[in-house]
2 protein chains.
Amino acid sequence: MDSKVNLTPQRKAIYDVICESNNHPTAAEIIENLKENGFRFAYGTVYNSLHYLTEAGLIHELKLGEGSSRYDGNIDEHQHIQCEICGRVDEVFTEINGEWLEEIDKETGYTVKSHQVILKGVCPTCQNQ
Amino acid sequence: MDSKVNLTPQRKAIYDVICESNNHPTAAEIIENLKENGFRFAYGTVYNSLHYLTEAGLIHELKLGEGSSRYDGNIDEHQHIQCEICGRVDEVFTEINGEWLEEIDKETGYTVKSHQVILKGVCPTCQNQ
DNA sequence: TATTATTTTAGACTTAGTCTAAATATAGGT
DNA sequence: ACCTATATTTAGACTAAGTCTAAAATAATA
């Protein structure tokens, strides 16, 4: 990880919002949240910062097939599960079996570089309704 | 699967394009392809048809995090791998181990309904370049 | 201080897709 | 065949999410 990350005030504020949120916010939600904290950055700045932070490895971009990306301040290897009903996103730490990835390498001839698992289901809260 | 699927000429033409393509086309690619075959449908019709066919279970919509959905005429259970370099998408039939899904159920408290694995890598062709 | 590089800004623009109201086509009943 | 009801298609306006650009502001370096 590069130690020369240039954390401008804008990038820091955005990073903080992501880390303090516990629900994997979208860019729109981040902007909303910044506004509540008294910040109002240009759209370009927000998207640019999100790319920068992602590139720097400080956050992860989650593409769950919703039309907008979500951002995650937890950069440990993990996957996600999303509730079909309320939309909340939770972390999943049980990792996929490594053999499976090797199988795929053999089956497809691809050199597998990364995998992302998107789970959908019903969260505990929504189960009781 | 409902046997009363209303396959209008437009829907049939779109379905055929998807089935005859071997590279999981996007809506834009489908429209392009239709044009080459002499069809020119309204955008609304194409998107509406894609939803209808997906809903009817005749095709699958793939959201690989690219900004536009792809469509797949192969409705057998399988996953996908995409080449980071050329973008082509191939099928993966080696299935994930079922125990893994049960683990997640336990770990998260969610009732898991579906899972999608998006693999990224380098395809055989791009490896030789 | 002067120069250069980096970042932010506002706002125009793009892409992918949705929505709407009118026009067409299809199906069922008489 | 004719009337009515329902389903589908069409054109084009509209939306959401994000990118791009050129100018202004900051920061870093000589």
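First the proteins, then the strands, lettered A, B, ... as listed; each starts at 1. Keep in mind that the numbers below use all heavy atoms, side chains included, and drop hydrogens, waters and symmetry copies.
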Notebook entry, point to check: Taking atom C1' of dG18(D) as reference, at what distance in whole Å does atom CD of E66(A) sit?
Noted result: 16 Å
Next item on the list: Measure the distance from CZ on R70(B) to C1' on dG17(C) and round it to the nearest whole Å.
Entry: 16 Å
Notebook entry, point to check: Roughly how far, to the nearest 0.5 Å, is NZ of K63(A) from CZ of R70(A)?
Noted result: 14.5 Å
Notebook entry, point to check: So, the side chain of Q82(A) versus the backbone of I118(A): is there a donor-acceptor pair under 3.5 Å, distance only?
Noted result: no
Next item on the list: May I ask you to test the K113(B)-I81(A) pair for a side-chain heavy-atom distance under 4.5 Å?
Entry: no
Next item on the list: Mind calculating the distance between CZ (F39(A)) and C1' (dT9(C)) to the nearest angstrom?
Entry: 17 Å
Notebook entry, point to check: Think Y47(B) has a side-chain N or O under 4.0 angstrom from the OP1 or OP2 of dT18(C)?
Noted result: no
Margin query: What is the separation between atom CD1 on I14(A) and atom P on dG18(D), rounded to the nearest whole Å?
Written below: 13 Å
Item checked: Whole-Å distance separating the NZ atom of K63(B) from the P atom of dA16(C) -> 15 Å
Notebook entry, point to check: Does any non-hydrogen side-chain atom of Y52(B) lie less than 4.5 Å from one of V5(B)?
Noted result: yes
Margin query: Strictly distance-based, threshold 3.5 Å: is any side-chain N or O of Q79(B) a donor or acceptor partner for the main-chain N or O of L119(B)?
Written below: no
Notebook entry, point to check: Between dT18(C) atom C1' and I31(B) atom CD1, what is the distance in whole Å?
Noted result: 13 Å
Margin query: How many whole angstroms separate atom CG of L7(A) from atom P of dT26(D)?
Written below: 19 Å
Next item on the list: Look at all strands and tell whether T26(B) reaches a base, only sugar-phosphate, or nothing, counting heavy atoms closer than 4.0 Å.
Entry: nothing
Next item on the list: On the 0 to 90° scale, with breaks at 30° and 60°, tag the F39(B)-F41(B) ring pair as parallel, tilted or perpendicular.
Entry: tilted
Next item on the list: Please confirm whether the backbone N or O of F93(A) pairs with a side-chain atom of E107(B), one donor and one acceptor, at under 3.5 Å?
Entry: yes
Notebook entry, point to check: What string of B, S and - do you get for nucleotides 7-12 of chain D 5' to 3' if you count protein non-hydrogen atoms under 4.0 Å?
Noted result: SSBBB-
Notebook entry, point to check: Rounded to whole angstrom units, what separation is found between the CG atom of L62(B) and the P atom of dA16(C)?
Noted result: 16 Å
Checklist line | Residue-phosphate contact under 4.0 Å: H51(A) side-chain N/O, dT19(D) OP1/OP2 | finding: yes
